[in-house]
Amino acid sequence: MQEITRLICQTKDCHSEGEKRVESINPPIHKASTLLFASYADLALANEGKYPGLTYGTDRLPAQRAFEEALCQLEGGEICRAFQSGINAIVHTLQAFTKAGDHIVVCDNVYWPTSNFCNKVLSKFGVEISYAPSAVGADIADYLRDNTSLIFMESPGSNTFEIQDIEAITQIARARDIVTILDGTWGTPLYHRALSFGVDVSIQSATKYISGHSDILLGTATVNHKYADILARYYQSLELFAPPADCYAALRGLKTLHVRLKHHEQSALQIADWLESQPQTGRIIHPARPDHPQHSRWKKYFTGSCGLFAFTFKKEPSEKELGEFINALQLFGIGYSWGGYKSLITAGKYVRNGSDLNGSTVIRLNIGLEAVEDLCHDLAQALARL
Ligand SMILES: Cc1ncc(COP(=O)(O)O)c(C=O)c1O
C-alpha cells in the first residue's frame, strides 16, 4: 500500500478490536460531512429513509444532539433545535410558522434585527406584520385579525426591559389557534420557563449566558408537543445544523450557568442600587427592582434576574458628554451582545409605542464577573465627567 493511501485510510475515526475504550466526560466533537455506514445494507436502509442512525453531517451530530437534549430538558419542551445564532433561531422559527396571507403581531420592544427581518424579508413573502405595545397583556386582542397566525414576544426586552403579560396573551392565542413565540434570552431557562406559561416556542440566544464567554454564536428554539413536528420538519427540509464546536461550548457553558448567573444577578443588583444613589443618574431600569413598571409580572414569570439592565441620566447629555462618559470607562468594553464574563456598555435612544423612555438616552450595562467594587469605581470616575 502506498503512503498516501495509508494516510487517507488513517483519517477515519475507527476503533480496532482490542483497543482500550476512550471515554471523556464531555461528548466528542465530530467534524464531519460524510458519516460512514458499516455495510451496504445500512446504506440501502438510509436510501429508503429507514436507517436508525445518523446519515450525514447535517443530521445533527452528537455534540449538537447532546446540547439540544440538555436545553430541551431545562425548558421543559418536546424538542429543541440549535441554530447558528440567536437571530437565526428567530428568523427560521418565524418562517417555519408562517405562510403567505398570514398576519402576525410582534411586540415592539423586540431585538432590532427581529423586527428588521419581519419588515424587510417576511413581508416580501406575503406576511403582514403589526406591532403591539411592549408591555401588552390581554389587550393583545385589539391587535388580532381573522388571519393572525403568530404572536412574537420578548420579555424583558433586551434594551428597554418591558415585560408582556405572558399568560394573558397565551390564553387568548390558544383559544384562536395562534402560535406564540417568546425570546426569553434575558431570563435563560433557569430563571424563566416560557413553555410553562403557555408559550409554544421558546427562543434562546445561547450566545449570551448559556455559553457565557462571548466567543461563539448559537441559538435555540424549544417547542411544545403541539408544534414540535412543524419545527422538526422545517429544520430537516432546510438541512439546517449548528456548528459542532459551538454546540460543545454551549453544552459546557450550561454546566456552570447556575453559578455564573447567580453572580451576574447579585453584582447587577448591587450596582443598580449604587447607581441610584449617584447624583448624575435618572431612572434605573431593572425588572427585579420594585420601581420597574412590570415588576409584578417579573415576580410572576421569573425566578431570578441576570446582569443586564439600564439607566438614564438625570440631565440628558449632549453627544459630546455621552462620548466622554463612555470613553472614560476602563473596565466596561463598548460593544454589542451580553451574557459574557466581561462587563460591557451600549447606549441608544429607542422609540416604543407609548413609552416614557422615548427621547431619553438609555445606557445599557452588561455586568460581568469582575468585582463589584471595581466596576462601581470605574463608573464613578466616568460619571464624574458629566
Ligand atoms: C434578546 C436577544 N435575542 C436574540 C439576540 C440574537 O442573538 P445572536 O447574537 O446569538 O444572534 C440578541 C442579541 O443581542 C438579543 O439580545
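Order of appearance sets the numbers: ligands from 1, and atoms from 1 within every ligand.
Classification of Glu75 and Arg193 as a salt-bridged pair fails, no side-chain N sitting under 4.0 Å from a carboxylate O. Of the charged side-chain nitrogens involved, none lies within less than 4.0 Å of a carboxylate oxygen, so that Lys50 and Asp42 do not count as a salt-bridged pair. Salt-bridge formation is not detected for the pair Arg65/Glu69: no Lys NZ or Arg NE/NH1/NH2 atom is positioned less than 4.0 Å from an Asp or Glu carboxylate oxygen. Taking the charged nitrogens against the carboxylate oxygens, Asp200 and Arg174 do have a contact shorter than 4.0 Å, which makes a salt bridge. Contact check on Glu78 versus Lys226 returns no salt bridge, with no Lys/Arg side-chain nitrogen under 4.0 Å from an Asp/Glu carboxylate oxygen. A salt bridge links Lys300 to Glu167: at least one charged side-chain nitrogen sits closer than 4.0 Å to a carboxylate oxygen. Look at Arg283 and Glu276 and you find no salt bridge, because none of the NZ, NE, NH1 or NH2 atoms lies under 4.0 Å from a carboxylate O.
When hydrogens are left out, the protein atom nearest atom 3 (N) of ligand 1 is Asp183 OD2, 2.6 Å; that is the closest non-hydrogen contact. Of the protein's heavy atoms, Thr207 OG1, 2.5 Å lies nearest to atom 10 (O) of ligand 1. Scanning the protein for heavy atoms near atom 8 (P) of ligand 1, the closest one is Gly86 N, 3.4 Å. With hydrogens left out, the protein atom closest to atom 9 (O) of ligand 1 is Lys208 NZ, 3.2 Å, a heavy atom. The protein non-hydrogen atom at the shortest distance from atom 15 (C) of ligand 1 is Tyr111 CD1, 3.7 Å. Scanning the protein for heavy atoms near atom 16 (O) of ligand 1, the closest one is Trp338 NE1, 3.0 Å. The single protein non-hydrogen atom nearest to atom 11 (O) of ligand 1 is Ile87 N, 2.9 Å, given as residue, atom name and distance.
When each atom of ligand 1 is checked for a heavy atom of Ser205 under 4.0 Å away, the hits are 4 (C), 5 (C), 7 (O), 8 (P), 10 (O). Those atoms of ligand 1 that come under 4.0 Å of a heavy atom in Glu154, given as number and element, are 1 (C).
Residue Phe37 places its CZ atom among more than 12 non-hydrogen atoms of other residues, nucleotides or ligands, all under 6.0 Å distant. By the 6.0 Å contact criterion, CZ on Arg252 is open, its count of non-hydrogen atoms from other residues, nucleotides or ligands being 12 or less.
Of the polar atoms of Leu217, none of the N or O atoms is found under 3.5 Å from an N or O of ligand 1, judged by distance alone. Of the polar atoms of Arg364, none of the N or O atoms is found under 3.5 Å from an N or O of ligand 1, judged by distance alone. Between Ile90 and ligand 1, no pair of N/O atoms sits closer than 3.5 Å.
Looking at Ser158 against ligand 1, only its side chain comes within 4.0 Å, counting heavy atoms. The residue Trp186 has no part lying near ligand 1, judged by heavy-atom distances below 4.0 Å.
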